[in-house]
Number of protein chains: 2
Amino acid sequence: MFSNSSKYALTAVIHLASQTDEAHKKMVKDLSLYTDIPKAYLAKLLQQLSKHQVISATKGPKGGYYLTEENRKLPVYRIIEVIDGTHRLESCVLGLEDCNAENPCPLHDLVNPSKAILLNTLKHMSIEELAGKLNKNDGFSIPGT
Amino acid sequence: MFSNSSKYALTAVIHLASQTDEAHKKMVKDLSLYTDIPKAYLAKLLQQLSKHQVISATKGPKGGYYLTEENRKLPVYRIIEVIDGTHRLESCVLGLEDCNAENPCPLHDLVNPSKAILLNTLKHMSIEELAGKLNKNDGFSIPGT
DNA sequence: GAAAAAGTATGATAATTATCATATTTCGGA
DNA sequence: TCCGAAATATGATAATTATCATACTTTTTC
Ligand code: FES
Ligand code: FES
């Protein structure tokens, strides 16, 4: 459904959301340990997210990655957008140039209801809201823990 | 969402469903032309589907691929199962070993409703039913036409 | 019963994606 | 102000996926 890269990015950001702020940063090394995501690969992903202001970073000693309030307000979808681009999730499942109701492919009516729900959810739920569920500690688990 | 291979396979089978039966077969060459799917690649996919009895084939002159009544009764999901396997669509979107409500990942509640609807639809709609919509000619279009 | 037309089997190449490695920049602290 | 700790930039390798090619088998037709 999501690419490997997006899975990793989502997992990492969820960690950052629940465990960091301006005063408590996390180094890639530690994130990599907690999440079981290869360090160098994760570093590249975080760099992309940082460059696009989805997450925040400071260099040097005592530095690391973290989420600001701004970051937390972004929709979960932003993460996927930066890593995978928009095409993968939004395009026609059979490969038509654009997916719309006027010129639908044979599967359009079949898959579009659920696709629309998924996209809508990802676009409207913020990273903060998602992390909120986690902090309530109501049974969610994070890959690699 | 689906792999490239699955897209191709779905497109090809939809063609077969609407244009073939025991008496009217289609050669890969023609299917490839109609669908814009690379011939040799398509051939490999059709061979897999044929080997798993999702579609039917006869060799030699006047031969080709076609769908029997049996074939048509199979759920659309079978095509994806044969080509991609079950893991891609059913597994946890963040990569947990198995996706279930007891040990959900942070995104489980977010994506599972739509994922469930999608899987349910794919598993319960037969190839025949899907083709039925097409034959009514109610505005569906097939990639490559 | 030979020749050509189809699918079948198998493997080679190309493109993409995942992973690893390393040099560079920035910053905090001794 | 210099050293080391962190992110950043860039590129190399490995694995997977998409694509191409080719030899083999079955079946119709003459
Ligand atoms: S046109 Fe194919 S999914 Fe919408
Ligand atoms: S556990 Fe991750 S999607 Fe269900």
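In what follows, chains are A, B, ... by sequence order, proteins preceding strands, each numbered from 1.
- Taking a cutoff of 4.0 Å between a charged side-chain nitrogen and a carboxylate oxygen, B:Lys123 and B:Glu90 qualify as a salt bridge.
- With rounding to the nearest 0.5 angstrom, the CG atom of A:Leu31 is 7.0 Å from the NE2 atom of A:His15.
- The residue B:Lys7 sits apart from the nucleic acid: no heavy atom pair falls under 4.0 Å.
- Looking at heavy-atom distances under 4.0 Å, B:Lys29 makes no contact with the nucleic acid at all.
- In this structure, B:Val13 and B:Asn71 have side chains that are not in contact, with every pair of non-hydrogen atoms separated by 4.5 Å or more.
- Straight-line distance from the CG atom of B:Leu31 to the P atom of C:dA6: 13 Å, rounded to whole Å.
- One finds the CD atom of A:Glu70 at 11.5 Å from the CD atom of A:Glu128 (value rounded to the nearest 0.5 Å).
- Using a 4.0 Å cutoff to heavy atoms of chain A, the contacted part of DNA chain D runs 5' to 3' from D:dG4 to D:dA12.
- The side chain to side chain donor-acceptor pair (under 3.5 Å) test applied to B:Lys25 returns B:Thr58, not counting sequence neighbours.
- Atom-to-atom distance recorded for B:Leu130:CG and B:Thr121:OG1 is 11.5 Å, nearest 0.5 angstrom.
- Listed by residue number, A:Ala57, A:Thr58, A:Lys59, A:Gly60, A:Pro61, A:Gly64, A:Tyr65 are the residues of residues 55-65 of chain A with a heavy-atom contact under 4.0 Å to DNA chain D.
- Counting heavy atoms from C-beta on, the side chains of B:Ile127 and B:Leu67 come closer than 4.5 Å.
- Of all heavy-atom pairs spanning A:Leu16 and A:Leu46, the tightest one is CD1-CD2, 4.5 Å.
- Both A:Arg88 and A:Ala40 lie close to DNA chain C; mapped to their nearest nucleotides by heavy-atom distance, the more 5′-ward contact belongs to A:Arg88.
- Counting non-hydrogen atoms under 4.0 angstrom, B:Lys44 reaches a base of the nucleic acid.
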